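If you're wondering where the values come from, they're calculated on a predicted model, not measured in any experiment. Quick note: numbers below take in every heavy atom, side chains included, and nothing from hydrogens, waters or symmetry partners.
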Amino acid sequence: MDIHAFYRPILAHFRAKRMTEFCRLFVVDEKIRIVDVGGYEFNWMLIKEAPDVLMINLEDEEWQRGRFRKQRGDGRALEFEDDSFDIAFSNSVIEHVGEWADQVAFAGEIRRVAPSYYVQTPNRYFFFEPHLLAPFVHLLPRRVLRRIVRYGTGWGLMTKPTQEQVDSFLRSIRLLTKAEMKRLFPDADIIEEKVLGLTKSLIAVRAPTRMRSDPMRSDPRTQQSEPSFRNEEAPTL
């Protein structure tokens with residue numbers, strides 16, 4: 001079974017709602033310049049607004065189609081001047097860029113290339129792991145998890161990976177907590193995206209003006225972390 005075919009309708013549902021909220025938080029029109037780090041056209045086809053979007057990921061192919069451009073680049077070291085864009089955007093990517101030091105570098109680049117940004121990532125403490133398609137398994141020790149992935153998760157049953165592929169896949173994911181997102185984005189509001197009353201995703205938002213009062217918004221006061229991609233290794237909701 002094609003795991004991407006399984007994901008597609010669920011993905012569209014969650015991301016359409018998320019993109020609508022993104023447009024509510026930011027002034028998005030054809031004059032806005034957005035850099036989407038690790039993304040593709042999919043998200044931007046879910047909204048009626050038509051900003052200028054440059055998509056950065058590790059693939060060699062580069063092209064331009066109307067208002068969309070795609071360029072090769074590493075989100076941990078973007079080749080742009082400070083504040084080159086109006087908004088930096090990233091959806092379900094920062095959990096794939098490597099270890100903590102890589103995530104610090106990625107977050108620093110997001111904050112550097114645009115005065116406003118929107119960065120979403122799955123919540124480590126949500127009960128369902130969206131890459132492996134299984135509940136609670138991501139909370140197990142890695143040595144236990146690597147033994148049960150092939151036959152104890154949706155991803156393993158659908159893709160039938162080798163043990164080497166399992167280990168590589170697990171190395172490509174480092175889920176973040178809310179506290180870690182606060183450290184990575186100390187000048188942002190951390191929005192909690194809820195499902196069934198539980199926090200499914202965490203979204204770091206720095207809007208052009210301070211957001212309107214929102215009960216989901218966390219206290220933005222955090223300590224500054226040390227300064228700081230690979231494109232999406234697997235689709236996440």
So, using side chain to side chain contact (heavy atoms under 4.5 Å, CB included) as the criterion, who are the partners of [X] when residues are at least two apart?
{"X": "Gln71", "result": "Leu54, Ile56, Glu62, Phe80"}
{"X": "Arg174", "result": "Glu99, Trp100, Gln103, Leu176, Glu180"}
{"X": "Glu61", "result": "Trp63, Lys70"}

Output all residues satisfying side-chain hydrogen bond (donor to acceptor under 3.5 Å, both in side chains) with [X], sequence neighbours left out; order by chain, then residue number.
{"X": "Arg33", "result": "Asp86"}
{"X": "Tyr117", "result": "Asp187"}
{"X": "Thr153", "result": "none"}

Joint cluster assignment, Trp155 & Leu157, ILVMFWY side-chain distance < 4.5 Å: no

Partners passing salt bridge (charged side-chain N to carboxylate O under 4.0 Å, His left out) against Arg72 (at least two apart in sequence or in another chain): Asp60

Glu79: salt bridge (charged side-chain N to carboxylate O under 4.0 Å, His left out) partners, not counting sequence neighbours: none

Is there a side-chain contact between [X] and [Y], using heavy atoms and a 4.5 Å cut-off?
{"X": "Arg69", "Y": "Val53", "value": "no"}
{"X": "Glu30", "Y": "Arg67", "value": "no"}
{"X": "Tyr151", "Y": "Lys160", "value": "no"}
{"X": "Phe106", "Y": "Asp102", "value": "no"}

Check [Y] with [X], please: is the shortest side-chain N to carboxylate O separation under 4.0 Å?
{"X": "Glu109", "Y": "Arg76", "result": "no"}
{"X": "Glu41", "Y": "Arg65", "result": "yes"}
{"X": "Glu21", "Y": "Arg24", "result": "yes"}

Just list the side-chain donor-acceptor pairs under 3.5 Å for residues 44-52, sequence neighbours left out, or say none.
residue: Trp44; atom: NE1; partner: Asp36; partner atom: OD2; Å: 2.8

Other residues, nucleotides, ligands: >12 heavy atoms within 6.0 Å of Glu81 CD: no

Inter-residue atom distance Ser90.OG - His96.NE2, 0.5 Å rounding: 10.0 Å

Which donor-acceptor pairs under 3.5 Å do side chains of residues 133-147 form with protein atoms, sequence neighbours excluded?
residue: His138; atom: NE2; partner: Arg124; partner atom: O; Å: 2.9
residue: His138; atom: NE2; partner: Phe126; partner atom: O; Å: 3.0
residue: Arg142; atom: NH1; partner: Leu170; partner atom: O; Å: 3.4
residue: Arg146; atom: NE; partner: Asp167; partner atom: OD1; Å: 2.9
residue: Arg146; atom: NH2; partner: Asp167; partner atom: OD1; Å: 3.4
residue: Arg146; atom: NH2; partner: Asp167; partner atom: OD2; Å: 2.8

